[in-house]
Each structure stands twice: as C-alpha cells, then as structure tokens.
Engineer: 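Sending over a structure as structure tokens; questions will come in a sec.
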Amino acid sequence: MANWKDVPDGTYRARAKEGVLTQSKDEKPMVVATLDLLDEEWKGVAMTWRGVLYGKTPEVSEKNIARTMESLRYMGWRGDDISRLDGITENEVDVEIKREKYKEEWEPKIKWINKSGAAKVG
C-alpha cells in the first residue's frame, strides 16, 4: 500500500472513517478526523484532517468555526452537538491536499474538505 507521505498535491476523493472533538496542544478546541483516500492509486491511504474551532481574533474564530462545520456537514455530520460526530462517515468528499513544512520536512496535509464533485470542472 502507498504511504501517505508520498501523496502529491491535488484534489482527491475521500471518506471519513472516524472523528473526534479534542484539543490542540495549547488546549484550544478542534475536530480531528481520519479520512481514507478513494482514488485508485491512493485507495485506502489514511490521512488526518484537523478542523479548528478558534482563531487569533473573534472574526477569524467565527470564520474558522463556520468552515469546520461546513466540512463536517459535507462529510455527513448531522445534529447540533459537536461532541457527537454522527454521520461523518457517510458521504464521499473531495479533499485538497497541499504540502506544508513540518519539523524540517515537507508533508502532505488536508487543507480543505469540499462537497464531492464541487472541485471538478467540465
């Protein structure tokens, strides 16, 4: 099976297999979900997405929360209790992957989760 660190930048089909409400290292609220890539070459490769629920200013926090909630809805989350992520494994989504430097090494990271088919043209 392919290694997640080898996934190139791009948009891929994926489906969440689990998710949880947790905290960052500095104790800020966030959602962490594991998604399996579905495209043939990368099928079954698991990647982690972190949806932040905070920001440096109230305006940034509001935008981050809204985008995290939107991503969860795309995955299939229903309900109003963020501590229960029921349904996030139900929908196929498109994930945008872009490499970022982490501890002196470039690694792929899920930057965006979008509604399935929304990123495709033609």
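Here the structure is a predicted model, which is why all the values come from computation and not from measurement.
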Engineer: Output all residues satisfying salt bridge (Lys or Arg N to Asp or Glu O under 4.0 Å) with Glu27, sequence neighbours left out; order by chain, then residue number.
Structural biologist: none
Engineer: Honestly curious: do Leu38 and Val45 fall in one hydrophobic cluster under the side-chain, below-4.5 Å linking rule?
Structural biologist: no
Engineer: Strictly distance-based, threshold 3.5 Å: is any side-chain N or O of Asp9 a donor or acceptor partner for the main-chain N or O of Arg99?
Structural biologist: yes
Engineer: Nearest heavy-atom pair of Leu37 and Ala14: which atoms, and what distance?
Structural biologist: CD2-CB, 4.1 Å
Engineer: Should we count CD of Gln23 as having more than 12 external heavy atoms under 6.0 Å?
Structural biologist: yes
Engineer: Salt bridge (charged side-chain N to carboxylate O under 4.0 Å, His left out) between Lys43 and Glu40: does it pass, once the steps are laid out?
Structural biologist: CA-CA 5 Å; Lys43 190 172 182 95; Glu40 190 172 319; over 6 Å; no
Engineer: Identify the two heavy atoms, one from Glu107 and one from Trp4, that lie closest to each other, and give their separation to 0.1 Å.
Structural biologist: OE1-CH2, 3.5 Å
Engineer: Could I get the full list of side-chain hydrogen bond (donor to acceptor under 3.5 Å, both in side chains) partners for Asp81, not counting sequence neighbours?
Structural biologist: Ser83
Engineer: According to a hydrophobic-cluster definition based on side-chain heavy atoms being under 4.5 Å apart (Ile, Leu, Val, Met, Phe, Trp, Tyr only), do Val93 and Met69 belong together?
Structural biologist: yes
Engineer: Please name the pair of heavy atoms, one in Lys5 and one in Asn3, separated by the smallest distance, quoted to 0.1 Å.
Structural biologist: N-OD1, 2.7 Å
Engineer: Atom CD in Glu100, atom NZ in Lys109: separation rounded to 0.5 Å?
Structural biologist: 4.0 Å
Engineer: Working to the nearest 0.5 Å, report the span between NZ of Lys63 and OG1 of Thr68.
Structural biologist: 14.0 Å
Engineer: Could you pull out every donor-acceptor pair under 3.5 Å between side chains of residues 50-60 and any protein atom, sequence neighbours left out?
Structural biologist:
from: Thr57; atom 1: OG1; to: Glu59; atom 2: OE1; distance (Å): 3.4
from: Thr57; atom 1: OG1; to: Val60; atom 2: N; distance (Å): 3.1

Engineer: Do Met75 and Trp49 pass the side-chain contact (heavy atoms from CB on, under 4.5 Å) test, and can you show the C-alpha distance, the side-chain angles, and the key distance before you say yes or no?
Structural biologist: CA-CA 12 Å; Met75 287 187 271; Trp49 168 76; 3.6 Å; yes
Engineer: Do you know the tightest heavy-atom contact between Val20 and Leu85?
Structural biologist: N-CD1, 3.4 Å
Engineer: Tell me whether Asp26 at atom CG has more than 12 heavy atoms from other residues, nucleotides or ligands lying less than 6.0 Å away.
Structural biologist: yes
Engineer: Does any non-hydrogen side-chain atom of Ile82 lie less than 4.5 Å from one of Leu72?
Structural biologist: yes
Engineer: Could you pull out the closest heavy-atom pair between Ala46 and Thr34, with the gap in Å?
Structural biologist: CB-CG2, 3.9 Å
Engineer: Within the distance-only criterion (no hydrogens, no angle test), does the side chain of Arg67 pair as donor or acceptor with the backbone N or O of Ile113 below 3.5 angstrom?
Structural biologist: yes
Engineer: Please walk me through it: do Met47 and Leu35 pass side-chain contact (heavy atoms from CB on, under 4.5 Å)?
Structural biologist: CA-CA 5 Å; Met47 297 201 61; Leu35 292 96; 5.6 Å; no
Engineer: I'd like to know if the side chain of Asp94 and the backbone of Asn114 have a donor-acceptor N/O pair within less than 3.5 Å.
Structural biologist: no
Engineer: Evaluate Asp36 against Arg15 for salt bridge (charged side-chain N to carboxylate O under 4.0 Å, His left out), listing each step before the verdict.
Structural biologist: CA-CA 5 Å; Asp36 282 334; Arg15 182 182 307 268; over 6 Å; no
Engineer: Looking at side-chain heavy atoms only, is the closest gap between Lys98 and Trp112 below 4.5 Å?
Structural biologist: no
Engineer: Does a side-chain heavy-atom distance below 4.5 Å link Val7 with Tyr12?
Structural biologist: yes
Engineer: Quick check for you: to the nearest 0.5 Å, what is the distance between Arg78 atom CZ and Arg73 atom CZ?
Structural biologist: 10.0 Å
Engineer: Donor-acceptor pair, Trp77 side chain versus Arg84 backbone, under 3.5 Å?
Structural biologist: yes
